[in-house]
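This report refers to the structure that appears directly beneath it.
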2 protein chains.
Amino acid sequence: MQMLTLNNAQAQARYEARARIIKALAHPTRLFIVDVLAQQSHCVCELTAMVGADTSTVSKHLSLLKDAGLVSDEKRGTQVYYHLVAPCALRFLDCAEAVMKVRLEKQLAAV
Amino acid sequence: MQMLTLNNAQAQARYEARARIIKALAHPTRLFIVDVLAQQSHCVCELTAMVGADTSTVSKHLSLLKDAGLVSDEKRGTQVYYHLVAPCALRFLDCAEAVMKVRLEKQLAAV
DNA sequence: TCTAAATTTGGCGAATTCGCCAAGGATTGT
DNA sequence: ACAATCCTTGGCGAATTCGCCAAATTTAGA
């Protein structure tokens with residue numbers, strides 16, 4: 001029975017790899033994009049309009065999500081459509097929501 | 001039927017709040033800590049030994065997780081025990097694992 | 001071919017994150 | 001009271017992240 005530690009390189013690499021994926025979701029804009037893509041695929045221009053930021057900014061967010069393996073891209077003419085390939089990412093939103101709710105309840109109970 | 005956008009302050013605040021919680025998990029050490037606490041509560045000194053970093057570093061990671069509402073702390077004498085209060089955070093690990101597996105399969109299929 | 005639209009990439013400064021060290025409580029036992 | 005242990009906080013430099021602008025690329029259409 002080996003104690004769980006972060007001392008060996010293998011365990012550390014495992015957690016780093018997982019953290020890299022979660023980090024891809026740890027941004028409000030990228031979270032929003034994932035939420036939108038869960039309902040329907042969209043091109044960069046559409047997402048740019050929804051987000052309300054520079055095209056390059058949105059494109060970089062999408063590249064980041066793609067590198068993490070959370071979305072995929074498909075070229076259609078001059079446009080690039082992005083699809084959500086990791087639906088489990090949606091549960092991040094639910095979990096965050098649940099944590100916020102618990103925090104609020106505890107805050108109210110303290111009054 | 002209102003189109004989903006990030007243009008209004010309310011929606012933006014919502015996604016920012018959720019991202020703040022996810023960001024708390026977006027670090028290998030904090031991910032490891034959550035994983036460990038899922039099985040059993042531990043004091044800072046124990047976690048420090050498992051992580052293999054400075055006590056202050058681990059303490060700050062724990063403070064961050066606590067501020068996010070993911071763990072709670074309980075003082076017992078000179079020690080402070082931390083408990084996992086958001087078990088749904090564990091699913092982040094599963095999701096990351098699944099994404100990594102899909103990525104690997106796709107990588108193998110490309111050979 | 002020339003133009004226009006869509007997207008990506010490079011790069012810059014600003015802001016944030018990270019890990020360690022040092023210092024400052026808090027609590028237990030002597 | 002004093003010493004020892006446990007933990008937290010402040011602060012520093014290094015590294016990373018972020019959003020915009022500018023430039024390059026690709027593709028469709030006139």
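Labels below follow one simple rule: chain letters A, B, ... track the order of the sequence lines, proteins then strands, and each chain is numbered from 1.
For the pair B:Y82 and D:dT8, the criterion of a side-chain N or O lying under 4.0 Å from OP1 or OP2 is met. Look at A:T57 and you'll find a side-chain N or O under 4.0 angstrom from OP1 or OP2 of D:dC20. The phosphate of C:dG19 (OP1 or OP2) has a side-chain N or O of B:H61 nearer than 4.0 angstrom. Under 4.0 angstrom from either OP1 or OP2 of C:dT8 there lies at least one side-chain N or O belonging to A:S59.
Side-chain contact check for B:S41 and B:H83: at least one donor-acceptor pair (N or O, by modelled atom type) lies under 3.5 Å.
Nucleotides of DNA chain C nearest to B:G77 and A:Y81 differ in position, and the one nearer the 5' end is that of A:Y81. Mapped onto DNA chain D by nearest heavy atom, A:S56 and A:R30 fall at different nucleotides, with A:R30 at the one closer to the 5' end.
On a pure distance criterion of 3.5 Å, a polar donor-acceptor pair joins the side chain of B:K60 and the base of D:dG11.
For A:L25 and D:dC18, the CG to P distance is 12 Å, given to the nearest whole Å. If you take CD1 of A:I33 and P of D:dG19, they are 10 Å apart, rounded to a whole angstrom. Distance, A:L64 CG to D:dC18 P: 7 Å, rounded to whole Å. Distance A:D73 CG to C:dT8 C1': 11 Å, rounded to the nearest Å. Atom CZ of B:R76 and atom C1' of C:dA26 are 17 Å apart (whole Å). The CG-C1' distance, from A:L62 to C:dA6, rounds to 13 Å in whole Å. Note: CG (B:L65) to P (C:dT17) measures 14 Å, nearest angstrom. In this structure, CD of A:Q12 is placed 13 Å from C1' of C:dG19, rounded to the nearest angstrom.
In this structure, of C:dC18, D:dT27, D:dC20, it is C:dC18 that holds the atom nearest to the side chain of B:H27. Comparing atom distances between the B:D54 side chain and each of D:dC7, C:dC21, D:dT17 picks out C:dC21 as nearest. Nearest to the side-chain atoms of B:T55 among the listed nucleotides C:dT7, D:dT8, D:dC21 stands D:dT8. The side chain of B:T78 has C:dT27 as its nearest neighbour among C:dT27, C:dC20, C:dT9.
Distance check, rounded to the nearest 0.5 Å: CD1 of A:I33 to OH of B:Y15 gives 10.5 Å. The CG atom of B:L84 lies 11.0 Å from the CD atom of B:Q39; values are rounded to the nearest 0.5 Å. With values rounded to the nearest 0.5 angstrom, A:I21 atom CD1 is found 11.5 Å from A:D67 atom CG.
The existence of a salt bridge linking B:R14 and A:E97 is confirmed by a sub-4.0 Å separation between a basic side-chain nitrogen and an acidic carboxylate oxygen.
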